Amino acid sequence: GQGRSRRHAHCRSAPGTVAGAEQPILAGAPVQVQLQGPGLTWTTAATGTVAADGSFSVPVQLPPGAVYRVVVTPGQGYAPAATPPLTASG
């Protein structure tokens with residue numbers, strides 16, 4: 001069923017926001033911006049939702065050089081998506 005399809009997400013950071021998109025589109029799915037901390041643990045820094053066109057924009061202040069990722073967790077049996085670890089630009 002639908003839950004087996006691969007979900008993909010990509011994003012980029014800009015001052016004060018992380019924006020991107022996910023496929024296949026699932027409007028309203030929760031989006032988490034996570035920061036990598038000591039011991040390679042991830043903590044959620046900000047949350048948002050996927051828009052009707054599959055895009056998202058999450059307001060968040062990322063320190064320059066911080067390692068972050070975006071995770072889309074739609075639930076309801078749908079596969080989650082995560083971007084690779086990315087480094088925030090200043």
Side-chain angles (χ1 to χ4, degrees):
Q2 282 271 15
R4 295 285 173 227
S5 64
R6 294 283 298 156
R7 187 164 301 280
H8 299 281
H10 63 87
C11 69
R12 58 182 172 75
S13 65
T17 187
V18 170
E22 61 97 32
Q23 292 280 343
I25 295 169
L26 199 61
V31 177
Q32 296 179 335
V33 178
Q34 299 182 340
L35 285 173
Q36 191 177 76
L40 303 184
T41 57
W42 293 95
T43 55
T44 299
T47 58
T49 54
V50 175
D53 63 357
S55 68
F56 54 82
S57 180
V58 182
V60 60
Q61 294 292 340
L62 297 175
V67 177
Y68 73 99
R69 68 180 179 184
V70 169
V71 181
V72 180
T73 51
Q76 300 172 358
Y78 290 98
T83 65
L86 303 164
T87 302
S89 53

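Not measured: the values here are computed from a predicted model.
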(message) To check you understand the geometry: which heavy-atom pair defines the closest contact between F56 and V70, and what is its length?
(response) CZ-CG1, 3.7 Å
(request) Answer with yes or no whether the hydrophobic clustering places V72 together with V60; edges join I, L, V, M, F, W, Y residues whose side-chain heavy atoms lie under 4.5 Å apart. (result) yes
(request) Specify the closest pair of heavy atoms between A79 and P74, including all atoms of both residues, with the distance to one decimal. (result) O-CG, 3.7 Å
(request) Return the minimal non-hydrogen interatomic distance between Y68 and L35, and the atom names on each side. (result) CB-CD2, 3.9 Å
When the side chains of residues 18-34 are checked against the rest of the protein, which donor-acceptor pairs come out under 3.5 Å, sequence neighbours left out?
residue	atom	partner	partner atom	Å
E22	OE1	R7	NH1	2.7
E22	OE2	L26	N	2.8
Q32	OE1	Q34	NE2	3.0
Q34	OE1	R69	NE	2.7
Q34	OE1	R69	NH2	2.8

(request) Identify the two heavy atoms, one from T83 and one from A9, that lie closest to each other, and give their separation to 0.1 Å. (result) CG2-O, 3.5 Å
(message) Taking the side chain as everything from C-beta on, heavy atoms only, tell me whether C11 gets closer than 4.5 Å to L86.
(response) yes
(message) I need the full list of side chain to side chain donor-acceptor pair (under 3.5 Å) pairs touching residues 44-67, with sequence neighbours left out, sorted by first then second residue.
(response) T17-S57, D53-S55
(message) Give me the atom names and distance for the closest heavy-atom approach of P63 to A88.
(response) O-CB, 3.7 Å
